Amino acid sequence: MRHLISVLIENESGALSRVAGLFSARGYNIESLTVAPTEDPSLSRMTIITTGSDDVIEQITKQLNKLIETVKVVDLSEAPHLERELMLLKVRATGKDREEMKRMADIFRARIVDVTDTTYVIELTGNQGKLDAFIQAIDPALILETVRSGVCGIGRGERVLRV
Amino acid sequence: MLLTGAEIVVQCLQRENVKYVFGYPGGAVLHIYDAFFQQDEIRHVLVRHEQAAVHAADGYARASGEVGVALVTSGPGATNAVTGIATAYCDSIPVVILSGQVPTAMIGQDAFQEVDTVGITRPCVKHNFLVKDVAELADTLKKAFHIARTGRPGPVLVDIPKDVSAAKYEFHYPETVSMRSYNPVVKGHQGQIRKAVKALREAERPILYAGGGVILANAADELTALARRLGAPVTTTLMALGAYPASDPQFLGMPGMHGTYEANLALHHADVVLSVGARFDDRVIGSPEHFASEPRTIIHIDIDPSSIGKRVKADLPIVGDVRHVLADFLRILDEEGVTAPSEALAPWWERIEQWRARRCLAYEQPAEGPIKPQYVIETLWKVTKGEAIVTSDVGQHQMWAAQYYRFDHPRRWLNSGGLGTMGVGLPYAMGARFARPDAPVVCVTGEASIQMCIQELSTCKQFRLPLKIVNLNNGYLGMVRQWQQLFHGGRYSESYMDSLPDFAALARAYGHVGIRVDHPSELEPALERAFTEHANELVFLDVLVDPRENVYPMIQGGKGLTEMILSADGL
Ligand SMILES: Cc1ncc(C[n+]2csc(CCOP(=O)(O)OP(=O)(O)O)c2C)c(N)n1
Ligand SMILES: [Mg+2]
């Protein structure tokens, strides 16, 4: 099963490698990992997408909690939550493809954020499925480059993760 | 008070009541050594290899219950220390390792003797720090000791660049530590504890299964009181020998791969297992699937939540310090008026006595030899009246020591259970002797293991450590040979130890007493002499034992607790 785990961790050098090292040392899957400081710059928030049986996920959360710098761990996928990922795509945009690309971007509510005579950079936010669908929808031959931020997630409503 | 980083290190160690530092100098720690030179509260023990520095600090911690401290230089000093650190980590031993590092401005430039010590040690420490600013040094050291000794203990490394140990700063040692990210649970959940007591009281076939956590938490008394109150059988893992008196009839011996017949069968057939600071390790239960084949209620007490539910499912998980939790068990039993063991366990004990009657550890010592290793350990037990601190290395001799030296007290048995590191025996004995200068300390080793840290005989001379080394010399990597005999068609690939030195002569070359024993009749007198005539000297007893002897009972890796090979006849 796919899980989205959020971690509040001290914003210290080495914290990220402790988390990454934990996943590789114990053979856990890691599909994506995002990290950035929170509104309190002494804390970082990570979002980890992982897959595993219930037993494995239980171990993952326990092992994350065991890291000395970890302040809190929550499996967001246990309850209603939002997931968002940002993607930047550089595409070939010449001739009739230029119009078509613009139309596709509109349909997906993406934004064109860089324009040259021959290329566009398209910015798209959404859950993983939406980003995948956009890639599926356009001609692969026109894709020059894609870059995705990895998923970040947050609980819905009153469900708050803070110290 | 304005102090250099090096002086701050020394001050902090003094505030932590550190009495011994096991170490080895080098360029990156010269300031710290200079500061040591100018004080005389802390004694520095100069080992002959950094691996031994950490092992000795680890042995000191195991024997005393205090945090052990090691000090090494950057680069090769740190890499040499890694085996020691990993060994302490696998057995959750509180050790603080101070390593020198190249100056901060040179980090990342492939400087002379630069390695990424924090990176190399990250997976085998409880935590580590690189101190980039002398302003953080005292706080960091305070945290290091706190983290090492609280919660599930473990090694903590503090990497100190040379410029940090030279820089000056106002010294202030914090009295307390507060970390929002680290607050280990101490007290167990009361509701769970009540349920556990109820399950134990209603059990028809209970067993207490104790692990190293009982030793680490100093909970042997509570464990013993609980066992007596319930009248239940007790088995203690390799890491917990001495947590319950081995001479007591309720003690079944150690479970697992080389555990006793009665301990393994009782663990398998119990209806309620109280696991206390143990972790159902692969060397204990073999295959979790086989173990799960019998229905039972598992109560699992551990300070580390990740140890619970990792290998077997716990019906009643209790997170907390085992000493506190066991004290709660006893208090509830008091409240409920349970003062004496229940008669209802009689049928269970009848079954256990039948298993015990198999006498799975019986052996015969032929009068004219060869010397049986089991006989050596039993004789050692007799000569030391079971009161020695015994360290071991790794191999057959380790298992024989665990099986035949009956430990009645905690912190008397020091060995590398988790990592299984050959070479720990002698440095553990050194650490133990510093921790307990009054106690007889014996290192039971093998001719292969002892050679992995034999240079420490020199340290022992310098510090006049009157250790007794009992080398069960079978001429083989015996445990490897045993597996090859049993599972690899008798193809003894690289397990014969050719070209062995004359160990007794070697010991003498280091300035010690060396005695070779090759007839059963010489053994007891030689051991007696070691503890009387040579009481104040290190004695190396090179005992030539039967090279073909195997450790039994044995459960093949991955098999279940009921699938024991009891003797060579069972093959
Ligand atoms: C550092 C290290 N290397 C290899 C091993 C694998 N190993 C386990 S037991 C053993 C043989 C030990 O031989 P010896 O010390 O003579 O003890 P014996 O089994 O003969 O009693 C070996 C090589 C180990 N445990 N540790
Ligand atoms: Mg041997």
Side-chain angles (χ1 to χ4, degrees), chain A residues 1 3 5-28 30 33 35 37-46 48 50 52-75 78 160-163, chain B residues 86 89 92 104 107-108 116-133 136 139-140 143-144 146-148 150-159 177-185 279 288 292 300 302-314 317 319:
Chain A
M1 259 266 282
H3 287 253
I5 295 172
S6 285
V7 186
L8 278 181
I9 193 163
E10 296 289 350
N11 183 10
E12 275 169 27
S13 68
L16 176 59
S17 50
R18 282 183 218 281
V19 172
L22 167 66
F23 275 75
S24 64
R26 294 191 183 262
Y28 303 143
I30 193 161
L33 188 162
V35 57
T38 64
E39 80 282 8
D40 168 358
S42 71
L43 273 180
S44 291
R45 173 145 173 174
M46 281 183 195
I48 301 168
T50 182
S53 64
D54 289 352
D55 288 350
V56 170
I57 299 297
E58 180 183 327
Q59 269 298 310
I60 290 176
T61 51
K62 284 176 168 179
Q63 294 292 345
L64 283 168
N65 260 314
K66 195 167 146 181
L67 294 176
I68 304 294
E69 286 155 341
T70 300
V71 181
K72 265 188 188 163
V73 180
V74 170
D75 184 349
E78 278 176 346
V160 175
L161 172 59
R162 56 180 306 130
V163 225
Chain B
Y89 181 65
S92 310
T104 41
I107 290 179
D116 175 9
T117 303
V118 162
I120 288 175
T121 57
R122 190 174 294 124
C124 62
V125 290
K126 182 170 173 186
H127 198 59
N128 59 17
F129 298 92
L130 169 64
V131 184
K132 288 194 184 138
D133 182 348
E136 288 163 11
D139 266 10
T140 306
K143 278 186 191 163
H146 175 68
I147 293 170
T150 53
R152 178 177 181 172
V156 178
L157 178 135
V158 183
D159 203 22
V177 185
S178 126
M179 295 170 73
R180 62 179 166 187
S181 64
Y182 177 70
N183 295 293
V185 178
R279 56 193 177 96
H300 198 161
D302 206 293
I303 198 155
D304 176 3
S306 76
S307 278
I308 301 178
K310 183 171 62 180
R311 296 200 13 102
V312 303
K313 237 186 156 36
V319 177

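Just so we're clear, the structure is a prediction, and the values are computed from it rather than from any experiment.
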Checklist line | Most contacts with chain B, counted as non-hydrogen pairs under 4.5 angstrom, among A:Glu58, A:Glu12, A:Gln63 | finding: A:Gln63
Next item on the list: Select one option (side chain, backbone, both, neither) describing which atoms of B:Pro123 are under 4.5 Å from chain A's heavy atoms.
Entry: neither
Check: Measuring heavy-atom distances to chain B, does A:Ser42 have an atom under 4.5 Å in its side chain, in its backbone, in both, or in neither?
Finding: both
Next item on the list: Verify whether the ring centers belonging to B:His146 and B:Tyr182 lie closer than 6.0 Å.
Entry: yes
Notebook entry, point to check: Nearest 0.5 Å, what's the OG1-OH distance between B:Thr121 and B:Tyr89?
Noted result: 11.5 Å
Item checked: From A:Ile9 atom CD1 to A:Leu16 atom CG, the distance as rounded to the nearest 0.5 Å -> 8.0 Å
Next item on the list: Heavy-atom pairs under 4.5 Å with chain A are the metric here; pick the option from B:Asn183, B:Ile147, B:Asn128 that has the most.
Entry: B:Asn128
Next item on the list: Could you tell me which portion of A:Thr70 (side chain, backbone, both or neither) has an atom closer than 4.5 angstrom to a non-hydrogen atom of chain B?
Entry: backbone
Check: Which bit of A:Thr61 comes within less than 4.5 Å of chain B, counting heavy atoms only: side chain, backbone, both or neither?
Finding: neither
Notebook entry, point to check: Taking atom OG of B:Ser92 and atom NZ of B:Lys126, what is their separation to the nearest 0.5 Å?
Noted result: 8.5 Å
Next item on the list: Against chain A, label B:Lys143 side chain, backbone, both or neither, depending on which of its atoms sit under 4.5 Å from a heavy atom there.
Entry: neither
Next item on the list: Tell me, please, which residues at least two apart from A:Val71 pass side-chain contact (heavy atoms from CB on, under 4.5 Å).
Entry: A:Leu8, A:Glu10, A:Leu43, A:Val163, B:Arg180, B:Ser181
Checklist line | Lys/Arg-Asp/Glu bridge criterion (N-O < 4.0 Å) met for B:Asp304, A:Lys66 | finding: yes
